[in-house]
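Below is one structure, written out as structure tokens; comments come after it.
To find a chain, count down the sequence lines: A is the first, B the second, and so on, and within it residues start at 1.
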Amino acid sequence: MKREINLYINGQRADLDNNALVQMNYTAEDLTNPTIVKNSYSQAVTLKGTANNNRIFGHLGLLNRKTTSGGFNAMAKTPFEITNAMGEIIEKGYIKLSSVERKGADLTYKVNLFGGLGEFFYNLSYDEEGDKKTLASLDYGHDLDFTITTSTIQSAWATLASGGGGKWSVINFAPAYNGKPSNLSADKGIIRPALAGLETSVTVDGKTYGTQNGWSLVELGQDYNEWQTKDLRSYMQRPVVSVQKIIEACCSPTNNGGYTVFLDPDFFNEENPYYSGVWMSLPILNTLELKQSAGKATLTTDPDNFGASNESAEFVPSVILQGATATLTIKVKPCVLCSKKNASVSLSGYLRCNVRAMSVGMDAVTSEVRSFASNSNDPSATATAIGYFRTDAHGVGEWVGNELTFTMANVPNISYLFLDFYATVEDLVDDDGNRVSVSGYSFRSDGSEADYSSFINARSGTRITKDVLLATEGTPADYLVGYCKMFGLQLFYDKSINRVSILTRNSLYNGLHIDIEDRIDYANLKITPFVFQNKWYDLNVEYEDGEFAEYYEGIYGRAYGLQRVNTGYSFDATSKKLLDVVYKGAVEVSERSKYMLSIKRGELNIPAVMLDVGHTYNLYSADGESTSLDLPTARNTDTLTYFNDVFKGYDFESKPQFHGEDDKELDGANALLFFRGLIECPAGFQLSDDSAVMGQLNDGEPCWMLNGGVAISEMPSFGRYLFGSSSFSNDFSNDFVKDGSSTMYASLDMGTPYEIDIPDAKHPEGVTIYDKGWARYLADRYDVDTKVVSCKVDFRGITIGAELLRNFYYFDGCVWVLNSIKNYNVAEVSPMVECEFIKVKNRNNYTEGQVWQQ
Amino acid sequence: MATDKAIWQSFAGYADRDSTFQIYVDEVLVYSGNAYVAPDEDETTIRANDIVSDYVSAVVPTFAGGTAVSKNIQAPTAKLYINDALAESARLVPDWSYDPAHNIYAMADPIDGIADPRSIIPYSFIAESGTTKQPKVAVKLADGSVFSPTFASVSAGTVSIEAEDATEVTFDDSTTYRIESTCKRYALYYVNAYGGVDLYIPKGMSTKATSYKRSEYLRSSSAKYQSTNFKTDTVDSWSLNTGLMTEEQSMKMHHLIGSNDVRLLDMETGEWVSVKITDSSLTYKTYANSGRTFPVYTINVESAETRERR
């Protein structure tokens, strides 16, 4: 007997063959890679070409079919539901039509059904037009646009201090070792001489030189970075985004296509630093080429209006950009009106197209002339496209071939663009070689749109939009899945209520213990030892080539933060990388240099760069002349206070390192960082913006501001480790972070490094992600006594579905977990289901194997 | 006005080089395509029967008892446009007889026109396109009186009449069922080749059989293993003999043997069963080729549903 099931495709009931195999597979884990997120799926379902099915698939097997609106689109994901006789949803998700077989007039459709988890991730990966989503595509409940200035940074940091909401609870700025900036004169600086104990006026050869409104330009003898100059420029503070907010946004039905997401409170709570305390680094603003897209501009054409020798079209950008240049891309097809009807008209010569962008009443500001030919006899014509015209019953011929693409870069900012498409046809001939007279020219753009966009670099005062800041390479799904992979969280889909659950392994295995001793078919039981294909399993994310990361790899021959698991496989010594995630690693270090101190001369803060010789500073005369003076070094009467009194020369707080060995900045994006609260910073640190004085004194280029900025006494601390007491609080108004202890209690590294470059830090066992989330589970699995048993099980009276994967089972004197259900035919009432079990040595390794909070 | 056509008849148009075409069923666009002319031809035929046949159907209705009209016949109007010009338009009737001489409006064609008082008499009809029809029936009762139930006026459908007190039921196209107490157990209702629903009561001996398919597994039980039969699938089948037939009745057997939709009525229990005809061939028997006896057929049917016992 077949179970009554109904398959609905796109809301229409399909005819299921009585013998159709609707086989579902449920898998908990890929045994060769425990970090892969699995989706339930079916093998191919074959649907016969009945009247209903033919209608659903729009007779797709007939080859002269032309897709019309409302027909079946094999390229799109089409939703399906399988219900039982009681109307309960057994499975839902989307289908993919893989092939259609045609025997005479009989059609057979082969489709694959994919479970709902795939649809959930698809919604987080692509928008309705099939374009890839980024983190900018999510709605975070706040307007995230801002103008980057020192006051912006101050507001953001003040929100961190108070624990307030708003945009700064979603995005913020992390002090980090970013290296020497590329878009700033790192060997120049402006200074207020009066505030650094310098001469403010000198007379040379009877001419008096002074400051420029109190400022002077310092020619530094070398490049410096922001921690050496203590000048934290607003746009050089590394933006970070709250991972908690990313996850919350992914869980919002408005962002994920209507799914409810249940977050396991054992992990997703305010006390867990791995959730509520984690932020992700973004590219630093001054390295971004900010694409200020003006949207699309539509080319308006009238293909039926044929001009005598050429035809024009208007092109109006939707937004006018100020102070920027644009790249214009336009696609068109030329058309001719000729005497030959219903025929092919070939080019024996060549065709010239001229595209000009111009303002109204002005000459063309840019122009592109190109030639196209089929079999050019003119050696001067360069054939960049091949084609011919096909004329209709009225003699209107459209270019047969690809659209002609014109790209014009650096189109200046003009208020109105006018495109002149100029076509000259020479030597058009018909199939018999007879010349064809042409009476008009036109072109068709087929509604084509032109991209009109521009790029600028962020500076002080630049408006940064969410689209620019969060234009990540990865999709929201990449970030959500990557997070789950790293922390060993399991995704579980409940199709009946359209709910996705993200569970710890502790919660996934709900502790139910089912005795199936009498339900196993012992007539056919296959036992395989749990054997791997590699000696080592590597759990780690990628690290950029930061200075200490490179040093570490050179010394120890392995990546920083790597956790290597010995699988016990002794047939070779290869390693397999398990984690493939969008997140990157970062090394937290405490950098050491002679500039890590404060220099005071009375009340004056003396810039630390004045420890070096060879700098000069300029003073200016009233008639625009300048004179150069040596910048004196710090005096031996100045008071020097080391940031770190015990380990002199080290920084006052360790930070993530985002620069290479040569102090060059790295991309530094996608690294997870703990927020550790606000910390007091030594004297002399300041926030600054680009100023008009820099432009005036340094040929329009921004440079360091050595003093005179907005003094700061505290700044947020972001890093890869949490030190101090073992209780975490998200109440940022309290000084929770450091209690004076330098012992680590949480780390964002997968494994324990052999060496950390923070002089006073202690790294005990049990603080890494591996220790907290993976160690006990993998130790239970990767064992010589682990066995995999494949057999058939009588599941009478038990609903078969992914829910079964969450239980423990007992048979043959052992406890097992169900790893997969294979080829379960939902259309057949057969209780014997093929299953794969993994032997469990200690249940607690599953139900208590993850400890994120202490 | 659209013309009426049997679905097997050509529904086609002619197109010249590189034409586009669209097919509408009841004014809904169901297909659009491109037609190409073979290199050595000047035109091509666009035959749309494969597509429109998915929208034409007739099935045995669920007889609810009493007198009723069931609209179980789908005969939509199809249109074929070639290069945006209407090339063919017709209402398509689910007549799969491939008989050019047949009048498509006469859908009923019972094999012997004999019904049982325990049976329900079906009669299918279709009105000319654009019109509706109110079937007229004369039900002659045992006391000699004639009863004429009235029906709603529809374009196509199947009428059902309880045969209980009648002796003869005559429809307006002279289709007649004579009511006899056959003492037989089974009656077959089927969609005939013309798209109508007919009734036939086999007059010969009938047998019912059941086949069993068992499933088992080896179970662990107190350190021993025992084989357990956990499921048995059963399928009922019937072998129905027609009894002696005339040559005229014999020639109509193709309606039943070739039918896609057959239901069996157990007239003793009132149970309806969807069945499949399992015979794969039909030899037309006559008095001459049957050894100078009247033709007799055996009809083998099987329940469409498998039953399960656990």
Side-chain angles (χ1 to χ4, degrees), chain A residues 1-4 15 18-19 49-72 102 104-107 342-344 390 392-393 515-525 791-797 810-813 828-833, chain B residues 7 15-25 28-36 44 46-57 59 74 83 94 213 215-228 230-235 260 274 276 303-310:
Chain A
M1 178 178 170
K2 300 289 175 185
R3 173 192 282 180
E4 185 187 335
D15 291 327
N18 194 33
N19 295 315
T50 63
N52 274 338
N53 295 343
N54 286 341
R55 275 184 251 170
I56 288 170
F57 294 112
H59 301 85
L60 198 118
L62 302 183
L63 301 180
N64 58 7
R65 175 182 181 269
K66 208 175 153 189
T67 301
T68 51
S69 61
F72 183 82
R102 192 169 120 190
D106 291 338
L107 299 172
N342 290 327
S344 293
R390 160 84 69 185
D392 63 11
D515 184 352
I516 52 170
E517 181 86 0
D518 291 345
R519 289 172 176 260
I520 301 276
D521 183 3
Y522 288 91
N524 197 353
L525 199 117
C791 58
K792 288 198 167 179
V793 182
D794 172 8
F795 271 125
R796 262 180 291 176
Y810 175 82
F811 63 87
D812 246 26
E828 190 172 345
V829 184
S830 167
M832 300 308 290
V833 182
Chain B
I7 184 59
D16 55 12
R17 189 169 292 278
D18 298 345
S19 300
T20 60
F21 65 92
Q22 294 84 37
I23 298 166
Y24 288 79
V25 173
V28 175
L29 176 64
V30 298
Y31 194 91
S32 74
N34 288 324
Y36 291 93
T44 187
I46 298 170
R47 192 174 186 278
N49 291 61
D50 278 350
I51 295 163
V52 294
S53 61
D54 283 340
Y55 300 85
V56 178
S57 70
V59 293
Q74 301 294 327
N83 289 334
K213 184 186 161 198
S215 305
E216 61 182 42
Y217 71 99
L218 197 62
R219 195 166 86 167
S220 167
S221 176
S222 307
K224 293 182 291 185
Y225 295 101
Q226 74 177 35
S227 189
T228 305
F230 65 87
K231 186 165 73 87
T232 306
D233 293 326
T234 61
V235 181
N260 284 335
S274 288
K276 303 177 286 188
S303 170
E305 290 181 1
T306 306
R307 289 181 175 172
E308 185 191 59
R309 186 162 162 186
R310 283 194 279 175

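The aromatic rings of A:His59 and B:Tyr55 are tilted relative to each other, their planes meeting at an angle between 30° and 60°.
Between the CG atom in B:Asp50 and the CG atom in A:Asp106 there is a gap of 9.0 Å [rounded to 0.5 Å]. Of the inter-residue distances, the one linking A:Asn52 atom CG with B:Ser57 atom OG reads 9.0 Å to the nearest 0.5 angstrom.
Using a 4.5 Å cut-off between heavy atoms, B:Thr20 touches chain A through its side chain atoms alone. In this structure, the portions of A:Leu62 lying under 4.5 Å from any heavy atom of chain B include both its backbone and its side chain.
Within the 4.5 Å cutoff, the side chain of A:Lys792 has no heavy atoms near those of the B:Tyr217 side chain.
Remark: B:Arg309 CZ is loosely packed, at most 12 non-hydrogen atoms of other residues, nucleotides or ligands lying under 6.0 Å away. Annotation for A:Asn342: atom CG counts as buried by contact number, over 12 foreign heavy atoms lying within 6.0 Å. At most 12 heavy atoms of other shown residues, nucleotides or ligands fall within 6.0 angstrom of atom CG in B:Asn260. Shown here is B:Tyr36, whose OH atom has no more than 12 heavy atoms of other residues, nucleotides or ligands within 6.0 Å.
Contact count versus chain A (heavy atoms, under 4.5 Å) is highest, among B:Thr228, B:Val235, B:Ile46, B:Leu218, for B:Leu218. The most heavy-atom pairs under 4.5 Å with chain B, out of A:Asp521, A:Ile520, A:Leu63, come from A:Asp521.
The shortest non-hydrogen separation linking A:Arg55 to B:Asp54 is NH2-O, 2.9 Å.
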